[in-house]
Amino acid sequence: MDQGLLARARQIIAVNLALKPEESLLVVADDITREVGKLFYDAAEAMGHDVQLIIMPEGKVAGQEPPAVVAVAMAAADVALCPTSKSITHTQARINAAAQGTRVVTMPGVTMDMLREGASCADYSQVEARTAAVSAMLTEASTARILKDGHEMVLSLAGRPGVASPGVYRTPGASGNFPSGEAYIAPVEDGAHGTMVVDGSMVGIGALTPGCPLTLTVEAGRLMSVEGGDNLGPYAERLQVLFAKPENGTIAELGIGTNEQAKLSGIILEDEKLYGTVHLAFGTNASFGGVTHADCHYDGIILKPTLYLDDTLVIQEGEFVA
């Protein structure tokens, strides 16, 4: 085993998970992420922690519920670390475990290389501070307006709380991603309209070819179409889940990346943390203040956007100004 990776895993367990000597750790991986799961298991065991490792089947889509036995085990642990190939962040299993006091840290799509550089290596005291500030701005705002390449998307945020995912989880029931660095919110489900280009990456497709963005059209909170992009043809089938039923294509999330070390890789776990980016998601959002339960949660990353919260300019072409 790579000793540098073991040291990084031990640091994540001690600092980002804040695992105490008396606490239990459950690691949930799947057939694709087995190696990452074993890394964290070995690191925790070497540190003397009570640790268990579960390998589950790979999920079919992001947001699919894990097997019932996994959900039960997550709720019984003090900390559940979930490096899985498909996201279980926005699942009822995660919600229930957090409600029982489990700190749930999800790592959808994580690779060993992502632990060596990029967002994993950020100064998390800085990430935590920036994320808290942006989350507060989201909570206070009633509307968001995104501008990019002549497109405009307006979203209602009225009455919805901003959520911080700072990559550090110390208190019972805290949950989020690692690596992390984003503030996000569940927009009002029927309160979004306009068009927007996704030019970074998209769940189901990965990194988009520069100059070949996808164009999203949204009416009354519903995704009406996804057009363009040289990647769309061969991967269009992977986006069909968004149109399989109304809730799958309902606006679910507005997110803002706050991690200066994050890199664009085609893996949404890190891409949506890119400093100064915005992402939109469709599908489930009942896990963070919305009302939609869907079959999926699909994110698309917008590079160098301009973002207004109410009348305040927060990001101008990818640079924070507020």
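- Looking at K304 and E317, no side-chain N of the basic residue comes within less than 4.0 Å of a carboxylate O on the acidic one, giving no salt bridge.
- Contact detail for I302 and M196: the closest heavy-atom pair is CD1-CG, 3.5 Å.
- Counting non-hydrogen atoms of neighbouring residues, nucleotides and ligands closer than 6.0 angstrom, the CD atom of E22 exceeds 12 such neighbours.
- Between E117 and R8 there is no salt bridge, since none of the side-chain N atoms of the basic residue sits less than 4.0 Å from a carboxylate O of the acidic one.
- Side-chain contact between M56 and I88: present, with at least one pair of heavy atoms (C-beta onward) separated by less than 4.5 Å.
- Ring-plane geometry between H90 and F288 is classed as tilted, the angle between the planes lying from 30 to 60 degrees on a 0 to 90 degree scale.
- Of the possible donor and acceptor atoms, one in the side chain of E189 sits under 3.5 Å from a partner among the backbone N and O of V291.
- The minimum heavy-atom distance linking V104 with A97 is given by the pair CG2-CB, 3.8 Å.
- Between the side chain of T139 and the backbone N or O of G162, at least one donor-acceptor pair lies under 3.5 Å.
- Proximity of L280 to L254: side-chain heavy atoms (C-beta onward) are separated by under 4.5 Å at one or more points.
- Contact record, L269 with P108: CB-O, 3.0 Å, taken as the closest heavy-atom pair.
- For G276 against P305, the heavy-atom pair with the smallest separation is O-CD, 3.3 Å.
- Distance alone, capped at 3.5 Å, is enough to place a donor-acceptor pair between the N285 side chain and the A252 backbone.
- Looking at heavy atoms from C-beta onward, I185 lies out of side-chain contact with L155 at the 4.5 angstrom threshold.
- Separation of the Y169 and F178 ring centroids does not fall under the 6.0 Å cut-off.
- By the 4.5 Å heavy-atom criterion applied to side chains, M112 and V36 are counted as neighbours.
- In this structure the side chain of M74 never reaches within 4.5 angstrom of the side chain of T102, judged on heavy atoms.
- Of the possible donor and acceptor atoms, one in the side chain of T131 sits under 3.5 Å from a partner among the backbone N and O of V127.
- Under a cut-off of 6.0 angstrom, the local environment of CD in E23 is crowded, with over 12 non-hydrogen atoms contributed by other residues, nucleotides or ligands.
- R10 has its side chain within reach of L6: a pair of non-hydrogen atoms, C-beta onward, lies under 4.5 Å apart.
- Under a hydrophobic-cluster definition in which Ile, Leu, Val, Met, Phe, Trp and Tyr are linked whenever side-chain heavy atoms come within less than 4.5 Å, directly or via other members, M114 and V28 are assigned to different clusters.
- Interatomic distance, I256 CD1 to L274 CG, rounded to the nearest 0.5 Å: 13.5 Å.
- Between atom CG of residue D295 and atom CG of residue L242 there is a gap of 10.5 Å, rounded to the nearest 0.5 Å.
- Of the N and O atoms on the side chains of T106 and R94, not one donor lies less than 3.5 Å from an acceptor on the other residue.
- Of all the heavy atoms in S201 and I268, the pair that sits closest is OG-CD1, 3.4 Å.
- Side chains of T143 and R145 form no contact here, defined as non-hydrogen atoms less than 4.5 Å apart.
- Summarising the geometry of I13 relative to A44, their closest heavy-atom pair is CD1-N, 3.7 Å, with the distance given to 0.1 Å.
- Between the side chain of T277 and the main chain of K273, no donor-acceptor pair closer than 3.5 Å is present.
- N16 contributes a side-chain N or O that, together with a main-chain N or O of G167, makes up a donor-acceptor pair within less than 3.5 Å.
- Side-chain atoms of H297 and T284 include no donor-acceptor pair closer than 3.5 Å.
- The backbone N or O of P179 sits nowhere less than 3.5 Å from a side-chain atom of Y124 that would complete a donor-acceptor pair.
- Evaluated for a side-chain contact (heavy atoms from CB on, under 4.5 Å) with Y41, the options L53, L81, I54 yield exactly one hit, L53.
- Rounding to the nearest 0.5 angstrom, the gap separating the OG atom in S180 from the CD atom in E272 is 7.5 Å.
- Y308 contributes atom OH, which lies 12.0 Å from atom CD1 of I315 (distance to the nearest 0.5 angstrom).
- Using modelled atom types, one side-chain atom of E65 and one backbone atom of Q92 make a donor-acceptor pair closer than 3.5 Å.
- Checking T312 against D310 by side-chain atom types alone, no donor-acceptor pair falls below 3.5 Å.
- The distance from atom CE of M153 to atom CG of L147, rounded to the nearest 0.5 Å, is 11.0 Å.
- When the side chains of ILVMFWY residues are joined at heavy-atom separations under 4.5 Å, either directly or via intervening members, I301 and M202 end up in a single hydrophobic cluster.
- Under the 3.5 Å distance criterion, with hydrogens and angles disregarded, no donor-acceptor pair is assigned to the side chains of E247 and H293.
- Proximity of M107 to L115: side-chain heavy atoms (C-beta onward) are separated by under 4.5 Å at one or more points.
- Under a 4.0 Å N-O distance rule, the pair K86/E58 qualifies as a salt bridge.
- More than 12 heavy atoms of other residues, nucleotides or ligands shown are found within 6.0 angstrom of CD on E128.
- Of the charged side-chain nitrogens involved, at least one lies within less than 4.0 Å of a carboxylate oxygen, so that D2 and R116 count as a salt-bridged pair.
- Looking only at atom types and distance, the side chain of S165 has no donor-acceptor partner in the side chain of N177 under 3.5 Å away.
- Here CG of L17 is found 7.5 Å from CZ of F40. Values are rounded to the nearest 0.5 Å.
- Not one N or O on the side chain of T258 forms a donor-acceptor pair closer than 3.5 Å with the backbone of R130.
- Of the possible polar contacts, one joining the D271 side chain to the G266 backbone as a donor-acceptor pair under 3.5 Å is found.
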